[in-house]
Amino acid sequence: MKKQLYTLIVLLGTSALSFAQTADEIVAKHITALGGADKVAGVKTAQYEQTMSVAGMDLVGKTSVVVGKSARSDISVMGQTITQVVDGDKGWAINPQGGNTAQDLPEDVVKLQKATTEPTGMQLAYAKLNKQPYELVGKEKLDGKDVYNIKITKPEGTYSYYVDANNYQLVGTKSDITVQGQKVNGSAMFADYKNTDGLILPYTLTLTGGGMPGTVTAKVTKLLINAPVDPSVFAKPK
């Protein structure tokens, strides 16, 4: 009887282990849900057009990305355009409220903004491709969905990526980081996934925290993958 009981315990333990997923397995399934590793690795550029809503204001955004290298964001509101650029290890910005002269971004801000050189919703996939360490925190609930929490620790702080336990799409992210000596918390939610050139990407993004004046809801109205991007758009005006 004791032997049978021991055998049952071993079998139950083995069964439980067989259903447990590792961080690598979850991220691999997430990449498959995006369209596959080859599709992800094949993305060289991305160009977005977006409408945004924040604090009762309607904004229009345009973003150009050269994956892993450069990104430019232009946001137009009330007849003015705010521009921010990261190009390699340098960056600059133009904010009409502070004048129309391009100002260099601080080094730590440039390092943070390098994440914008990765297309929206693909950050966890690039962490895998770039061999960044990550860990599985566990399974939990987010916005009513069962999700896996995958955590990445970087010098500036921690990032949590919440992967849907059913379809392995990215549901949301949270960050707890330090920027220029200040603690900054932010979160993002992803929705409205659509097929674009074989990639399944989110077309609606909701952002909160991070020093923003309120919740920002961004909707992609146009997305081009691997269309040519003129390198001159990243050059700092003289």
Side-chain angles (χ1 to χ4, degrees), residues 30-31 33-36 39-40 42-87 91-97 112-126 143 145 161-164 167-173 175 186-235:
H30 166 63
I31 292 174
L34 283 171
K39 276 290 183 181
V40 171
V43 178
K44 305 304 180 185
T45 69
Q47 296 177 69
Y48 298 83
E49 292 181 10
Q50 300 169 308
T51 59
M52 288 172 274
S53 176
V54 56
M57 296 185 295
D58 293 325
L59 301 79
V60 176
K62 185 176 181 180
T63 302
S64 297
V65 172
V66 176
V67 175
K69 182 181 179 182
S70 309
R72 173 173 177 145
S73 172
D74 296 285
I75 298 176
S76 300
V77 55
M78 300 178 66
Q80 296 184 318
T81 300
I82 301 170
T83 300
Q84 182 164 287
V85 170
V86 172
D87 188 23
W92 55 271
I94 296 176
N95 187 340
Q97 292 184 348
L112 287 175
Q113 291 301 313
K114 286 289 288 185
T116 64
T117 66
E118 299 167 351
T120 301
M122 297 176 66
Q123 286 79 8
L124 188 54
Y126 283 112
D143 199 29
K145 296 180 178 179
Y161 296 84
Y162 299 97
V163 178
D164 192 305
N167 60 24
Y168 293 91
Q169 292 176 342
L170 190 62
V171 176
T173 64
S175 59
S187 66
M189 297 294 291
F190 303 93
D192 191 22
Y193 277 80
K194 296 180 181 179
N195 189 321
T196 302
D197 295 333
L199 289 162
I200 314 301
L201 298 172
Y203 271 61
T204 299
L205 175 63
T206 304
L207 300 167
T208 56
M212 290 179 289
T215 299
V216 177
T217 300
K219 294 181 179 294
V220 175
T221 57
K222 185 177 182 180
L223 172 56
L224 299 176
I225 300 294
N226 289 336
V229 175
D230 185 351
S232 66
V233 302
F234 306 113

Distance, nearest 0.5 Å, that separates [atom1] of [X] from [atom2] of [Y]:
{"X": "Gln47", "Y": "Ile225", "atom1": "CD", "atom2": "CD1", "value": "9.5 Å"}
{"X": "Leu170", "Y": "Ile200", "atom1": "CG", "atom2": "CD1", "value": "14.0 Å"}
{"X": "Lys39", "Y": "Leu34", "atom1": "NZ", "atom2": "CG", "value": "12.5 Å"}
{"X": "Leu223", "Y": "Asp197", "atom1": "CG", "atom2": "CG", "value": "8.0 Å"}
{"X": "Leu224", "Y": "Thr196", "atom1": "CG", "atom2": "OG1", "value": "9.5 Å"}
{"X": "Leu59", "Y": "Ile82", "atom1": "CG", "atom2": "CD1", "value": "7.5 Å"}

Not counting sequence neighbours, list each pair that qualifies as a side-chain hydrogen bond (donor to acceptor under 3.5 Å, both in side chains) and has a residue in residues 54-80.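 Applying side-chain hydrogen bond (donor to acceptor under 3.5 Å, both in side chains) to every pair that reaches into residues 54-80, excluding sequence neighbours, yields Ser70-Asp87, Arg72-Asp74, Asp74-Thr83, Ser76-Thr81.
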Given Ile75, Thr217, Leu207, the one that forms side chain to side chain contact (heavy atoms under 4.5 Å, CB included) with Met52: Ile75
Check whether [X] reaches the backbone of [Y] with its side chain - one donor and one acceptor, N or O, closer than 3.5 Å.
{"X": "Thr221", "Y": "Glu49", "result": "yes"}
{"X": "Thr45", "Y": "Ala227", "result": "yes"}
{"X": "Asn226", "Y": "Gly42", "result": "yes"}
{"X": "Tyr161", "Y": "Gln123", "result": "no"}

Determine, stepwise, if the pair Asn167 / Tyr193 fulfils side chain to side chain contact (heavy atoms under 4.5 Å, CB included). CA-CA 11 Å; Asn167 60 24; Tyr193 277 80; over 6 Å; no
Applying side chain to side chain donor-acceptor pair (under 3.5 Å), can you list everything that pairs with Tyr168, at least two apart in sequence or on another chain? Gln21
Measure across [X] and [Y] and return the closest heavy-atom pair with its distance rounded to 0.1 Å.
{"X": "Val65", "Y": "Thr117", "value": "CG1-O, 3.3 Å"}
{"X": "Gln50", "Y": "Ala218", "value": "NE2-CB, 4.2 Å"}
{"X": "Tyr126", "Y": "Pro119", "value": "CE1-CD, 3.6 Å"}
{"X": "Asn195", "Y": "Gly198", "value": "OD1-N, 2.9 Å"}
{"X": "Trp92", "Y": "Phe234", "value": "NE1-O, 3.0 Å"}

Go through the steps to decide whether Thr215 and Thr206 satisfy the test side chain to side chain contact (heavy atoms under 4.5 Å, CB included), and finish with yes or no. CA-CA 7 Å; Thr215 299; Thr206 304; 3.5 Å; yes
One pair to check against side chain to side chain contact (heavy atoms under 4.5 Å, CB included): Tyr162 and Asp143. What are the steps and the verdict? CA-CA 10 Å; Tyr162 299 97; Asp143 199 29; over 6 Å; no
For Thr208 and Ser187, run side-chain hydrogen bond (donor to acceptor under 3.5 Å, both in side chains): C-alpha distance rounded to whole Å, both residues' side-chain angles, the deciding distance at 0.1 Å, then the answer. CA-CA 5 Å; Thr208 56; Ser187 66; 2.5 Å; yes
CA sep, side-chain torsions, deciding dist, call: Phe190, Val171, side chain to side chain contact (heavy atoms under 4.5 Å, CB included): CA-CA 5 Å; Phe190 303 93; Val171 176; over 6 Å; no
Lys145 NZ: over 12 foreign heavy atoms closer than 6.0 Å: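 No, the 6.0 Å shell around NZ holds no more than 12 heavy atoms from other groups.
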